[in-house]
Amino acid sequence: MSHAEQAERAVNFIRNIIDEDLSTGKHASIQTRFPPEPNGYLHIGHAKSICLNFGLAQDYQGLCNLRFDDTNPEKESLEYVNAIQRDVQWLGFQWAGEIRYSSSYFETFYQAAIELVNKGLAYVCFLSADETRQYRGTLTEAGKPSPYRDTPIAENLALLEKMRAGGFKEGECVLRAKIDMASPFMCMRDPTLYRIRFAHHHQTGDAWCIYPMYDFAHCISDAIENVTHSLCTLEFQDNRRLYDWILDNITLPGTSRPRQYEFSRLNLEYTVMSKRKLHQLVDDKMVSGWDDPRMPTISGLRRRGYTPASIRDFAERIGVSKVDSFTSMSILEAAVRDDLNLHAPRTMGVLDPVKVVIENYPTGQVESIQAPVHPQNEAMGSREIFFSREIYIDRADFREQANKDFKRLVLGDRVRLRNAYVIEAQRFDADANGEVTTIYCTFVEDTLGKNPTDGKKARGVIHFVEASKAVAAEFYLYDRLFSVPNPAKADDFEAVLNPDSLVIKKGFVEPGLVDAQAEKAYQFEREGYFCRDSKQPGLVFNRTVGLRDTWSEN
RNA sequence: UGGGCCGUAGCCAAGCGGUAAGGCAGCGGGUUUUGAUCCCGUCAUGCGAAGGUUCGAAUCCUUCCGGCCCAGCCA
């Protein structure tokens, strides 16, 4: 990252804290971590966290780990740990050293548990899950102590050992911290530290039958990795008391005392961000998979044509704060457009073709024309396009009659064909439904790169593809997945899916696109940014985002 | 209704006692062989509300209003 870019970094409260910690010498350098649970695919909300954690490490010359928070084997799998690594790297980040797993710290956690038991700060509790809930009290009433709360230390030690050895059934008992059953923080009312699960773990196999809870594992993992700034989302604000309590009561396994800071998670309009709901969309086949281009997952955005740079830029634009926010899609779309506008080669594609016959153009002649790859960037060179007696234009670009505001082809009037000649519409054929089948035009000679000499101006510019060299292609036009801004609030969020989130069109593209590489962005002029789909056979183009449109609503 | 947090423009977001940055969206105009891009201009006498302190308050104090989170052996 250049100094200029770095200087433009938006300030936020976390950077302020780091600046302070560095200037007071509290830390000589920073260590962050991105700690996903491998129980689903990463989404744009995770991207915000990834950009934050890795971005901070980059800017402050610190380190950022990738750590799988894999303490719940029943919900996790290797498929997800692989997909997550792929997504992080695709976004352009590389973790420091090896990948970390909370599960590789299981022995350390266990020793910490023993330490707590030895200090009289943890005990094995045989209350059922149901009873535990009743004993916990409510938001306004204190809880009452478990009858197992005062089991002697030596006995607890033996019990814990037996738990680990598989001497108890699942659910028969748990290890609990002994804190304060009257605490206004519910998470401090003797929280569970370990539960028994005879489940196969994707990393540790069958080595363990007791698995640590998030609150117990996370803070110690941070300490083991010498994390200085442990960043998480707002809903963990209460949990910070437990995070601190645990670290205050065990022998720190690392050299740093991590601190937790919370920022607000990303909410995006017209989509959902919870892994549970995304899972449901996939399971219920409402989308084609985690990487369906309509999904807010990183893999979906990638397949849709979003670039890593555009997602990083998006993260930069939305900033980091503690306000519950609801971000507008337009910020994300503006970020991709800015990136793609600069880098995407221009090409022409007709999504809804109608044939045009240029009656005064010689039959059988195919003319080659050099067109710029990018009109604002000559260095990108030129491409060969063709022109002949028969071409395709888009159905929406022709009207039998229209007022002056319609800057396209109108019967009896002129329009400029992008990169080619000016043509004039003479007449057209229509089928029984009134649907235009062929438009007959004449072209104005010597208008290649020149205006007509007769002074009659073209209404506007439309795009086309020469018919004989045209290559058939399919266009997948995506729109917002949901028809309401906040689908998560709906009683049944699947009932509020946008029925038009995918519209498929069959048309033609320039011959140069037959070998288009998947995921590589193109701008189909006047239509939008597209990329070839990475999964479907044949020429299938996904529309990443349309061009900014100041006309269609008129 | 116990506790933890948060309210600055339609959306995101700086600001930390010295007189409201920036981005997105919008609006007006210019350039244009993409109704795009680009360029110029415009967009909070106002910071949830009301009091108070101060020469001076979005910033400090008080009260009130609104929103989010917490009662998993999930994370």
Side-chain angles (χ1 to χ4, degrees), chain A residues 8 10-13 16 35-37 39 69 71-72 74-75 125 127-130 132-134 136-143 170-176 182-189 191-197 211 213-215 217-218 232-241 262 264 269 275-276 316-335 337-338 341-342 346 348 371-372 374-376 405-408 415-420 422 447-451 458 460-463 523-528 546-552 554:
Chain A
E8 283 166 21
V11 300
N12 62 50
F13 77 98
N16 292 342
E37 183 189 14
N39 66 345
D69 206 355
T71 56
N72 187 2
E74 291 169 318
K75 290 186 176 172
C125 179
L127 250 26
S128 69
D130 219 50
T132 305
R133 192 184 332 116
Q134 283 160 15
R136 187 155 31 227
T138 68
L139 295 178
T140 50
E141 299 164 86
E170 267 189 28
E172 192 174 350
C173 59
V174 296
L175 181 73
R176 291 227 254 167
S183 173
F185 296 99
M186 297 303 288
C187 67
M188 296 297 269
R189 320 247 263 227
T192 300
L193 265 22
Y194 269 107
R195 76 285 213 183
I196 299 170
R197 289 286 179 277
Y211 288 96
M213 298 293 290
Y214 163 84
D215 287 302
H218 204 91
C232 64
T233 44
L234 253 28
E235 64 271 26
F236 292 100
Q237 287 175 121
D238 285 359
N239 300 247
R240 187 175 68 241
R241 277 71 187 185
E262 311 88 11
S264 48
E269 280 186 340
K275 270 193 201 171
R276 205 203 107 250
E316 197 63 38
R317 292 183 190 207
I318 58 175
V320 176
S321 74
K322 303 182 73 156
V323 183
D324 282 305
S325 57
F326 216 79
T327 299
S328 155
M329 251 329 166
S330 66
I331 300 183
L332 216 210
E333 292 177 346
R337 285 198 188 102
D338 280 2
N341 174 48
L342 240 40
R346 269 52 172 174
M348 293 192 283
H374 190 126
Q376 279 83 43
D405 291 339
F406 187 75
K407 296 162 62 176
R408 312 180 191 184
V415 79
R416 156 75 64 183
L417 290 174
R418 176 77 169 154
N419 297 127
V422 170
T447 51
L448 212 49
K450 299 176 189 168
N451 285 126
V461 182
I462 64 172
H463 57 97
Q523 185 196 96
F524 286 126
E525 290 190 291
R526 299 209 318 128
E527 292 289 359
L547 262 25
R548 186 164 162 274
D549 187 353
T550 50
W551 163 253
S552 67
N554 295 342

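Naming convention: chains lettered A, B, ... in sequence-line order (proteins, then strands); numbering from 1 in each chain. What you see below is based on every heavy atom in this structure, not just the backbone, and it leaves out hydrogens, waters and symmetry mates.
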Requested in this report: Whole angstrom is fine here: how far is it from CG in A:N419 over to C1' in B:U32?
Outcome: 14 Å
Query - CZ-OG distance between A:R136 and A:S183, expressed to the nearest 0.5 angstrom - result: 12.5 Å
Report summary line: Nucleotide by nucleotide, nucleotides 66-75 of chain B touches protein heavy atoms under 4.0 Å in the pattern (B base, S sugar-phosphate only, - none) --SSBBSBSB
Requested in this report: Have a look at A:A420 and say if it touches a base, only the backbone sugar-phosphate, or nothing, with a 4.0 Å heavy-atom cut-off.
Outcome: base
Query raised in the report: Atom CG of A:N12 and atom P of B:A13: how far apart are they, to the nearest Å?
Result: 11 Å
**Report entry** Separation between the P atoms of B:C70 and B:C60, rounded to whole Å
**Finding:** 28 Å
Query raised in the report: Say you draw a straight line from CG of A:L127 to CD of A:Q134; how long is it, rounded to the nearest 0.5 Å?
Result: 9.0 Å
Query raised in the report: A:K407 near the nucleic acid: base, sugar-phosphate alone, or nothing, with a heavy-atom cut-off under 4.0 Å?
Result: base
Report task. Would you mind classifying the nucleic acid contact of A:V422 as base, sugar-phosphate or nothing, using non-hydrogen atoms under 4.0 angstrom? Result -> nothing
Query raised in the report: Closer than 4.0 Å, any side-chain N/O of A:T140 to the OP1 or OP2 of B:G3?
Result: no
Query raised in the report: Is A:N451 touching bases, backbone alone, or none of the nucleic acid, heavy atoms closer than 4.0 Å?
Result: nothing
Report task. Determine the Euclidean distance between corresponding P atoms of B:C55 and B:A21; express it in Å to zero decimal places. Result -> 26 Å
Report task. Look at the side chain of A:R526 and the base of B:U34, then say whether one donor and one acceptor between them are separated by less than 3.5 Å. Result -> no
Report task. Given side chain to side chain donor-acceptor pair (under 3.5 Å), test A:E333 with A:S330 step by step and report yes or no. Result -> CA-CA 5 Å; A:E333 292 177 346; A:S330 66; over 6 Å; no
Query raised in the report: Can you tell me how far P of B:U33 sits from NE2 of A:H374, to the nearest Å?
Result: 16 Å
Query - B:G18 to B:C5 separation - P atoms, rounded to the nearest Å - result: 26 Å
Query raised in the report: Do A:H463 and A:R418 have side-chain atoms, one donor and one acceptor, less than 3.5 Å apart?
Result: no
Requested in this report: Could you measure between the two P atoms, the one in B:C38 and the one in B:A71, and give it in whole Å?
Outcome: 47 Å
Query raised in the report: At under 4.0 Å between heavy atoms, what does A:G449 touch on the DNA or RNA strands: base, sugar-phosphate, or nothing?
Result: base
Query raised in the report: Is a donor-acceptor pair below 3.5 Å formed from side chain A:Q523 to base B:U34, judging by atom type as modelled?
Result: yes
Query - Any-strand Watson-Crick or G-U partner of B:C74, both distances under 3.5 Å - result: none
Query - Rounded distance in Å - NZ (A:K322) to P (B:C5) - result: 7 Å
Query raised in the report: Taking a pair as Watson-Crick or G-U wobble with both distances under 3.5 Å, which nucleotide is matched to B:C60?
Result: B:G52
Query - Nearest-neighbour nucleotide for the A:I331 side chain, B:C24, B:U37, B:G35 considered - result: B:C24
Query - Separation between the P atoms of B:A25 and B:C12, rounded to whole Å - result: 15 Å
Requested in this report: Answer with base, sugar-phosphate or nothing: what part of the nucleic acid does A:R408 contact at a heavy-atom distance below 4.0 Å?
Outcome: base
Query raised in the report: Rounded to the nearest Å, what distance is computed from the CG atom of residue A:N341 to the P atom of nucleotide B:C39?
Result: 11 Å
Report task. Quick one: label A:L193 by what it contacts on the DNA or RNA (base, sugar-phosphate, nothing), any heavy atom closer than 4.0 Å. Result -> nothing
**Report entry** SB check A:D549 A:R526 (cutoff 4.0 Å)
**Finding:** no
**Report entry** Same-atom distance (C1') from B:U34 to B:G41, integer angstrom
**Finding:** 24 Å
Query - Inter-residue atom distance A:I331.CD1 - A:R317.CZ, 0.5 Å rounding - result: 8.5 Å
**Report entry** C1'-based separation of B:A58 from B:C16 [nearest Å]
**Finding:** 10 Å
Requested in this report: Could you tell me whether the side chain of A:R241 has a donor or acceptor atom within less than 3.5 Å of a complementary atom in the base of B:G4?
Outcome: no
Report summary line: Out of B:U34, B:C24, B:G15, minimum distance to the side chain of A:V461 belongs to B:U34
Query raised in the report: Tell me: CD of A:Q376 to C1' of B:C39, nearest whole Å?
Result: 12 Å
Query raised in the report: In Å, rounded to the nearest 0.5 Å, how long is the span from OG of A:S321 to CG of A:L234?
Result: 8.5 Å
Requested in this report: Just label B:G72 as syn or anti from its O4'-C1'-N9-C4 or O4'-C1'-N1-C2 angle, using within 90° of 0 for syn.
Outcome: syn
**Report entry** Side-chain heavy atoms of A:P372 within contact of A:R346, under 4.5 Å
**Finding:** no
Report task. With heavy atoms under 4.0 Å as the rule, sort A:R346 into base, sugar-phosphate or nothing. Result -> base
Query raised in the report: Is the phosphate of B:A13, meaning OP1 or OP2, less than 4.0 Å from a side-chain N or O of A:S321?
Result: yes
Requested in this report: Any strand is fair game: report the nucleotide pairing with B:U45 by Watson-Crick or G-U wobble, both distances under 3.5 Å, or none.
Outcome: none
Query raised in the report: Can you tell me how far the CG atom of A:N72 sits from the CE atom of A:M213, to the nearest 0.5 Å?
Result: 8.5 Å
**Report entry** Presence of donor-acceptor pair under 3.5 Å, side chain of A:R548 and base of B:U37
**Finding:** no
Query raised in the report: Atom CG of A:L193 and atom OH of A:Y214: how far apart are they, to the nearest 0.5 Å?
Result: 14.0 Å
Query raised in the report: Considering Watson-Crick and G-U wobble pairs with both distances under 3.5 Å, what does B:U37 pair with?
Result: none
Query raised in the report: Within the structure shown, what part of the strands sits under 4.0 Å from A:T447 by heavy-atom distance: base, sugar-phosphate, or nothing?
Result: base
Query raised in the report: Who does B:G7 pair with, Watson-Crick or G-U, both distances under 3.5 Å?
Result: B:C65
Requested in this report: Both distances under 3.5 Å, Watson-Crick or G-U wobble: report the partner of B:A13, or none.
Outcome: none
Query - Atom P, compared across B:G7 and B:G15: separation rounded to whole Å - result: 12 Å
